[in-house]
Amino acid sequence: MDKDKLSNIATKLVAQNKGILAADESNPTIKNRFDSIDVESTENNRRDYRELLFSTDGIENYISGIILYEETLYQKSSNGQLLSELLQSKDIIPGIKVDKSAKDFIGFPGEKITEGLDGLYDRMTNYYNDGARFSKWRAVITIGEQIPSSQCIELNAILLARYAITSQESGLVPIVEPEILMDGDHSINSCYEVTNKTLNEVFNQLEKHKVNLSGILLKPNMILSGKESPDRADKNEVAEMTLKCFKETIPENVPGIIFLSGGQSDLESIDNLDAINKLAAQKGDMPWELSFSYGRGLQSSTLNKWNGNSDNYLIAQKEFINRCKMVSDARNGKLS
Ligand code: 5MM
């Protein structure tokens with residue numbers, strides 16, 4: 001494991017103006033997205049849609065890296081070029097989702113635990129040889145009646161730490177993603193408390209398992225009210241609470257925080273990112289880059305414009321580049 005190499009990649013992924021596109025939907029998830037526009041989730045359709053995104057002119061000005069699902073790493077574009085090589089030719093770094101998804105946490109109803117440690121080092125070594133330079137593992141924490149349990153937080157944190165050290169050993173920068181879901185009617189204070197507890201435990205385990213913090217990126221949720229909360233906090237409160245929580249929990253040598261968009265609408269996720277960066281600039285003492293690793297926040301409007309119809313290709317690409325620029329402006333706190 002070359003420490004400098006890892007931290008150089010991590011730093012490049014959160015370069016000014018830039019962030020990450022999460023295009024690593026597993027097959028069940030992309031099927032849900034395609035169902036919403038009535039498109040069948042075949043291997044070709046998944047390839048066509050992702051090729052549309054990746055080949056959009058100019059995205060390299062806003063996108064530093066793209067997280068791929070394993071299938072996509074080995075797919076070729078319509079003119080026979082590997083999609084990962086298409087990305088490299090634009091100086092976009094290919095990454096890979098390596099977890100095997102969140103499964104029911106047996107004995108703890110309503111909670112999930114992420115699987116995927118078996119054979120992980122060998123898989124990641126192969127991904128490195130096939131061009132990937134970073135990886136991602138997502139843990140999911142649910143807020144509800146009597147949950148999350150401390151067992152769920154602790155075990156997910158241990159698994160994130162084992163994943164992260166294994167990833168660094170294989171040469172891939174780990175993106176550590178503990179997502180507190182926004183499903184439910186909880187208050188912003190509950191989200192703050194659960195996120196605080198979870199991030200503390202995640203960094204406790206990362207340190208115990210000897211993960212080099214300057215060679216990771218953290219992919220957390222923002223501090224938000226639950227989706228069904230009757231009294232949802234506005235973007236200014238979201239920004240205040242998010243930065244307060246991070247100052248209390250995230251070590252200064254982590255180079256970057258790349259938010260997920262979660263269950264927010266795409267515009268809400270962009271507005272909140274902008275408010276967070278505006279406040280960070282005002283405060284002036286944030287040690288980490290505050291960027292994005294958006295899936296739905298970047299893709300939703302493009303997916304709808306495409307609608308599975310090749311006649312809409314250019315219109316969809318135009319939508320995508322506009323959305324990339326907007327999210328990049330928000331990442332700089334410069335959304336007008
Ligand atoms: C793009 O979706 C990723 C994979 O999800 P599944 O394992 O459920 O298929 C997901 O991890 C994603 O990277 C993050 O949730 C961020 O995406 P959003 O849409 O929340 O920004």
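Start at 1 and go down the list; that is how both ligands and their atoms are numbered. Worth knowing before you read on, the calculation uses all heavy atoms, side chains too, and leaves out hydrogens, waters and symmetry mates.
Using a cutoff of 4.0 Å between basic side-chain nitrogens and carboxylate oxygens, Asp57 and Lys318 are not scored as salt-bridged.
Protein residues with any heavy atom under 4.0 Å from ligand 1: Ala22, Asp24, Glu25, Ser26, Thr29, Lys97, Ser101, Lys136, Arg138, Glu177, Glu179, Lys219, Leu260, Ser261, Gly262, Tyr294, Gly295, Arg296.
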Report task. Apply salt bridge (charged side-chain N to carboxylate O under 4.0 Å, His left out) to Asp48 and Arg46, showing your working. Result -> CA-CA 6 Å; Asp48 288 350; Arg46 294 192 290 270; over 6 Å; no

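The side chain to side chain contact (heavy atoms under 4.5 Å, CB included) search around Asp35 returns Lys31, Asn32, not counting sequence neighbours.
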Only pairs under 3.5 Å count here: list side-chain donor-acceptor contacts from residues 139-152, not counting sequence neighbours, and write none if there are none.
unit_1, atom_1, unit_2, atom_2, d
Ser149, OG, Glu111, OE1, 2.8
Ser149, OG, Cys152, N, 3.1

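Residue pairs meeting the salt bridge (charged side-chain N to carboxylate O under 4.0 Å, His left out) criterion with at least one partner in residues 197-207, sequence neighbours excluded, are absent.
Ser101 and Glu115 share no side-chain donor-acceptor pair at under 3.5 Å.
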